[in-house]
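Working notes, structure below.
Numbering of ligands and ligand atoms starts at 1, following listing order.
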Amino acid sequence: MNFADSEVVASVLSSQYQLVTSPSEADLILVNTCSVRDNAEQRVFNRLNELTALKKKNKHLQIGLIGCMASRFKDDLFAKTDIDLIAGPDAYRNLPQIIDSENAVNIDVTLSKTETYEDILPIRYADNKVSAFVSVMRGCNNFCAYCVVPYTRGRERSRASESIIAETEQLFQTGYREVTLLGQNVNSYNYQNIDFAELMEKVAKIDPLLRVRFATSHPKDLSPKLLQIMAKYPNICKSIHLPAQSGSTAILQRMNRKYTRENYLEKISLIRQYLPQCGLSTDLIAGFCTETETDHLQTLSLMKEVAYDYAFTFKYSPREGTFAYQNIKDDVPEDVKIKRLQQIIDLQQNLSLKSNQKDVGKIFEVLTEGYSKRSKDFLFGRTSTNKVVVFPALNHKIGEYVVLKITNCSAATLFGEESAF
Ligand code: SAH
Ligand code: SF4
């Protein structure tokens, strides 16, 4: 999400500033921040210390903090670090005024009920010219008990479908072959009665050669209608990120996730019914308040039952202002949180390896994204199910579809060679 937002920021500033490749060349450095966990914030403070030291060499250098930490700390940040300006996630349009050093107002952290930046064409500065993020909504209304996002990014709002389509068409025309539609809970997208499934269909129809992905789906809102649309269009990737957070109904209730373990598993069966080969990934939190060993075992058993291909795993980090922070004791000791997280990571490593082993011998169409880090003789791309495949580059190019037979794998990567379908 921040990656996509930074591309909007680059666009807002493009008439006054030129992008450079290293901090030492810059007259303006904006650090786009995440508040979801404490260690993300600590990393930002460390980074700001490094960056503000550059002011000694460049007297014109201005440093700004943008994103969720701006919403959370507001002007306290001026006392904590030597920064010049602060802009929250809905204030990027005002950045030119905030940056203007003649201007006394160097902070804007107002949250908006309507801002979607829909008329701003992001500047795609990443090296990857094949796959792009397209933001379709902002904010979140779910208020999961542990999560700071509804407070830092404000209320949910959907971007006009015409502007999403126009941006995606332009991406396709300039050579992009994949878009990921982004939102905190894409399933609640609603713009003038166009829901997320209908939006996906419109994007999928742009061109069969354009792959479409999305993130993230809240399990409570994943609809059969969306699954039907996914099944109907081969260019909609068969991969769903469905954050479970926990496998224990008691913990899910305390987290205010609005589904039980059983409801979650029903959604998984529904996915398997419509999309038998669909890739599945999740987010899991270890050691949420009141989590017992039995609750934790339930998470491990859920992981085995679903057999996720991939999981993003986190240790519970109490966030000031959230319901859990104010009302439920953070009573799982740190060493227990660490131990449970490690068990989750180890199990997922195993499940990822097993899932990859099942793909050995199979044939996949892969969209090539770049050269392998290890050698220019190899390219890498992803399957529709969101697995990375490394294969001999031969005459293939980045942005090309290649049909591969999987010959080998590790837990993180598939290895393939060219094949006929
Ligand atoms: N909107 C997305 C998640 C956005 S935050 C969704 O609901 O799926 C990404 C992930 O960070 C969450 O899914 C959760 O697993 C994790 N997370 C959020 N708050 C956290 C906290 N306080 N401590 C640990 N992990 C947290
Ligand atoms: Fe946070 Fe829950 Fe909203 Fe995701 S759905 S951003 S976890 S409050």
Side-chain angles (χ1 to χ4, degrees), residues 1-5 33-43 67-69 71-72 89 111 133 135-158 180-189 196 213-222 239-248 251-259 263-264 267 280-291 296 299 302-303 308 310-332 334 336-338 340-341 344-345 348:
M1 198 68 99
N2 273 355
F3 192 92
D5 280 1
T33 61
C34 170
S35 284
V36 118
R37 284 170 294 277
D38 182 59
N39 73 356
E41 291 190 339
Q42 295 315 321
R43 290 215 315 266
C68 286
M69 283 174 72
S71 308
R72 230 167 75 70
L111 289 173
F133 293 118
S135 168
V136 303
M137 58 193 299
R138 299 181 72 81
C140 181
N141 289 350
N142 285 316
F143 290 93
C144 299
Y146 50 82
C147 183
V148 81
V149 170
Y151 305 93
T152 57
R153 298 185 80 97
R155 294 291 61 76
E156 198 170 276
R157 60 219 102 119
S158 298
T180 303
L181 306 187
L182 282 184
Q184 294 298 345
N185 176 15
V186 288
N187 299 117
S188 48
Y189 177 87
F196 187 63
R213 299 184 185 274
F214 60 96
T216 300
S217 292
H218 192 299
K220 76 178 162 59
D221 301 319
L222 183 78
S239 154
I240 298 183
H241 183 62
L242 201 67
Q245 314 298 357
S246 168
S248 151
I251 294 298
L252 288 168
Q253 267 161 4
R254 239 160 252 151
M255 287 176 161
N256 192 30
R257 286 292 285 181
K258 303 186 180 85
Y259 53 85
N263 299 151
Y264 183 88
K267 296 281 170 159
L280 278 170
S281 58
T282 197
D283 290 353
L284 296 165
I285 299 178
F288 184 64
C289 322
T290 76
E291 186 187 77
H296 168 62
T299 297
L302 181 87
M303 292 171 70
Y308 293 110
Y310 192 80
F312 296 89
T313 55
F314 313 104
K315 195 169 61 141
Y316 171 57
S317 168
R319 310 312 288 138
E320 204 176 334
T322 59
F323 182 87
Y325 186 91
Q326 267 147 355
N327 301 288
I328 327 178
K329 199 163 165 237
D330 175 26
D331 58 356
V332 180
E334 186 64 14
V336 177
K337 282 186 190 168
I338 293 173
R340 288 181 188 165
L341 178 63
I344 290 175
I345 293 171
Q348 186 54 49

Non-hydrogen atoms of R153 versus ligand 1: any pair closer than 4.0 Å?
-> no

Please tell me if the side chains of E334 and K315 come closer than 4.5 Å, counting only heavy atoms from C-beta onward.
-> yes

N, O or S of C140 under 2.8 Å from atom 2 (Fe) of ligand 2 = no

For Y325, does the OH atom have more than 12 heavy-atom neighbours from other residues, nucleotides or ligands under 6.0 Å away?
-> no

K267/D221 ion pair, N-O < 4.0 Å = no

Going by heavy atoms, is V36 under 4.0 Å from ligand 1?
-> yes

Q245 and its side chain to side chain contact (heavy atoms under 4.5 Å, CB included) partner, picked from Y146, F314, Y316, F288 | Y146

Proximity to ligand 1 by part of Q184, non-hydrogen separation under 4.0 Å | both

Can you spot which of K220, E156, K258 makes a side-chain hydrogen bond (donor to acceptor under 3.5 Å, both in side chains) with N142?
-> K220

Protein residue, atom and distance nearest to atom 7 (S) of ligand 2, heavy-atom basis = Y146 OH, 3.4 Å

R257 neighbourhood, listing ligand 1 atoms whose heavy-atom distance to it stays under 4.0 Å | 7 (O)

If you take all heavy atoms of M137 and S158, which pair is closest and at what distance?
-> CB-CA, 4.0 Å

Should the pair F214 and F196 be assigned to parallel (<30°), tilted (30 to 60°) or perpendicular (>60°) ring geometry?
-> perpendicular

Ligand 1 N/O within reach of R37 N/O, cut-off under 3.5 Å | yes

S281 and H241: side chain donor to acceptor below 3.5 Å = yes

Nearest heavy-atom approach of D330 to C289 is CA-SG, 4.2 Å

So, E41 and R72, do they make that salt bridge, N to O below 4.0 Å?
-> yes

Have a look at ligand 2 and work out which part of P243, if any, has a heavy atom under 4.0 Å from it: side chain, backbone, both or neither.
-> neither

N/O of H218 under 3.5 Å from N/O of ligand 1, yes or no?
-> no

Atom indices of ligand 2, in the order listed, that fall short of 4.0 Å to a heavy atom of H218 | 5 (S)

Contact atoms of ligand 1, heavy-atom distance to R319 under 4.0 Å = 22 (N)

Is the closest side-chain donor-acceptor distance between R254 and T290 under 3.5 Å?
-> yes

Compute the minimum heavy-atom distance from N185 to ligand 1 and say whether it is under 4.0 Å.
-> no

Considering only the protein, which heavy-atom contact is closest to atom 19 (N) of ligand 1, and what is its distance?
-> Y146 CD1, 3.3 Å

Could you tell me if any non-hydrogen atom of Q245 lies under 4.0 Å from any atom of ligand 1?
-> yes

So which protein heavy atom does atom 8 (S) of ligand 2 come closest to, and at what separation?
-> C144 N, 3.3 Å

Electrostatic pair K337-E291, nearest N-O below 4.0 angstrom = no

So, is Y316 polar-close to ligand 1, with some N/O to N/O distance under 3.5 Å?
-> no

For P150, the ligand 2 atoms with a heavy-atom partner under 4.0 Å come out as 8 (S)

With respect to atom 4 (Fe) of ligand 2, which of R257, R319, Q245 exhibits the smallest heavy-atom separation?
-> R257

If hydrogens are left out, which of I285, D283, D38 has an atom nearest to atom 13 (O) of ligand 1, that is, the closest non-hydrogen atom?
-> D283

Could you tell me the residue and atom name of the protein heavy atom closest to atom 1 (Fe) of ligand 2, and the distance to it rounded to 0.1 Å?
-> C147 SG, 2.3 Å

Proximity of F143 to ligand 2 by residue part, where a heavy atom lies under 4.0 Å = backbone

Side-chain contact test, heavy atoms from C-beta onward, threshold under 4.5 Å: evaluate it for N185 versus T216 and give yes or no.
-> no

Can you measure from CG (D5) to OG1 (T33) and round to the nearest 0.5 angstrom?
-> 10.5 Å

To which protein heavy atom is atom 5 (S) of ligand 2 closest, and what is the distance rounded to 0.1 Å?
-> N142 ND2, 3.4 Å

Side chain to side chain donor-acceptor pair (under 3.5 Å) evaluation trace for S317 with D38 = CA-CA 6 Å; S317 168; D38 182 59; 5.6 Å; no

Numbered in order shown, the ligand 1 atoms found under 4.0 Å of a heavy atom of P243 are 8 (O)

Separation between CD1 (I285) and CG (L341), nearest 0.5 Å, reads 11.0 Å

For ligand 1, indicate whether the residue K337 contacts it via side chain, backbone, both or neither (heavy-atom separation under 4.0 Å).
-> neither

Report, in ascending order of atom number, the atoms of ligand 1 lying under 4.0 Å from any heavy atom of K315.
-> 23 (N), 24 (C)

Hey, is F314 touching ligand 1 through its side chain, its backbone, both or neither, going by heavy atoms under 4.0 Å?
-> side chain

Does an N or O from S317, backbone or side chain, lie closer than 3.5 Å to an N or O of ligand 1?
-> yes

